[in-house]
Number of protein chains: 2
Amino acid sequence: MFRGKYIYAVDSKNRISIPAKLRRHISPEANDTFVMVQGTAPCIDLYPLDQWQKFEERLAKLNSFVTKEATFIRMMMQHATDETMDAQSRIIIPHHLMDYAKIQNEVVILGALKKIEIWNPQVYDDYLNQVPETFEEIAAIVMAQE
Amino acid sequence: MFRGKYIYAVDSKNRISIPAKLRRHISPEANDTFVMVQGTAPCIDLYPLDQWQKFEERLAKLNSFVTKEATFIRMMMQHATDETMDAQSRIIIPHHLMDYAKIQNEVVILGALKKIEIWNPQVYDDYLNQVPETFEEIAAIVMAQE
DNA sequence: CCACTCTTCCCCACTACTCCCCAAAAATAA
DNA sequence: TTATTTTTGGGGAGTAGTGGGGAAGAGTGG
């Protein structure tokens, strides 16, 4: 499970290092590879390859001759790209994802359990500030059951 | 499994390159060959030869004495052509498929799990915009089971 | 049957980007 | 402080994407 928040640089070749502390939680089956998709929030989601493949197998069971299911596959897969880390444990972020998440020189890297999120630091702060509930309230709503 | 969306050029000889990232997911049994058919959406579907053969076996199980099934086979097969990639990993798109998908100078190439889709970029955007449900709604409907 | 045209296929070539490597700087551990 | 790991930077070879020339082959009309 991925944990923690890290502020990292984006270099002139659109590369970012994956924090060592997060790397330790990637299983060898992931082959040093992430699948990147645009998140539901304005950020980029990184899934270790093995995690993503589980999801993909579920998608593969859909019937692409059913219109809705084909549309869903398209929407899901169009932004999914795989990137393998180089010897320095960096990945390259494709342009269209950079644009989507408004990323420039610096990023916030968030460990979010089974995935990793990449944010523009400013966007991330704004996002948190704009949440109407306090942490305590959110906690009460979400964690109340069981 | 094929992933990602790519914007590529169509040259004066109606050729398009197959993106390197998609090529890596083609099995050697496909022999650098694709079978192209008109998609159920306004696009062209590319199946690697080995995948197509599996699909063809499914088609062969249909009963061609049942009118609807015979019609479907005709519609499916009339535009089915195989194309082998050249040394630059390009394939030629036949005129009748170009017309069907309204393709001109540029295409969207879509990795869609077991097949690859070729779209006119404008048609693709319009198609997605015209979907009545949001991504979240589609996801909920399609992935609800299990 | 032959000459002509148009298409298909194979080849070469240019440009830009990606990937791999080496290495400095910074941070952490010993 | 010294040693080791982590983060950041950049050079250069190889690959990817694009464009086009020209031979071989198919089709057409005389």
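Residue numbers start from 1 in every chain, and the chains themselves are labelled A, B, ... in the order their sequence lines are given, proteins ahead of strands.
In this structure, A:Glu83 pairs ionically with B:Lys21, as a charged nitrogen and a carboxylate oxygen lie closer than 4.0 Å.
If you take CZ of A:Arg23 and P of C:dT28, they are 14 Å apart, rounded to a whole angstrom. Between the CG atom of B:Asn14 and the P atom of C:dC9 there is a distance of 13 Å, given to the nearest Å. Distance A:Leu22 CG to D:dT5 P: 19 Å, rounded to the nearest Å. Across the protein-nucleic acid pair, B:Asn105 atom CG and D:dG19 atom P stand 10 Å apart, rounded to whole Å. Rounded to whole Å, atom C1' of C:dC17 lies 17 Å from atom CD1 of A:Ile93. The nearest whole Å value for the distance from the CE atom in B:Met85 to the C1' atom in C:dC11 is 18 Å. The OH atom of A:Tyr6 sits 14 Å away from the C1' atom of C:dA27 (whole-angstrom rounding).
Taking the six-membered ring wherever Trp is involved, the centroid distance between the rings of B:Tyr127 and B:Trp119 falls below 6.0 Å.
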Please produce a list of atom pairs where a protein N or O lies less than 3.5 Å from an N or O of nucleotides 8-12 of chain D.
residue, atom, partner, partner atom, Å
D:dT8, OP1, A:Ala9, N, 3.2
D:dG9, N7, A:Arg90, NH1, 2.8
D:dG9, O6, A:Arg90, NH2, 3.1
D:dG10, N7, A:Arg15, NH2, 2.8
D:dG10, O6, A:Arg15, NH1, 2.9
D:dG10, O6, A:Arg90, NH2, 3.4
D:dG11, O6, A:Lys13, NZ, 2.4

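Considering NZ of B:Lys115 and CD of B:Gln51, their distance stands at 11.5 Å, rounded to 0.5 Å. Considering OH of B:Tyr124 and CD of A:Gln78, their distance stands at 3.5 Å, rounded to 0.5 Å.
In this model, the phosphate group of D:dT15 is not approached by any side-chain N or O of B:Arg24 to a distance below 4.0 Å at OP1 or OP2.
Under the 3.5 Å distance criterion, with hydrogens and angles disregarded, no donor-acceptor pair is assigned to the side chains of A:Asp82 and A:Thr33.
Contacts of B:Ile18 with the nucleic acid, taken as non-hydrogen atoms under 4.0 Å apart, involve only primed sugar atoms and P, OP1 or OP2.
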Subject >> Verdict with reasoning, B:Arg23 to B:Ser89, per side-chain hydrogen bond (donor to acceptor under 3.5 Å, both in side chains) >> reply: CA-CA 8 Å; B:Arg23 259 182 272 150; B:Ser89 309; 3.2 Å; yes
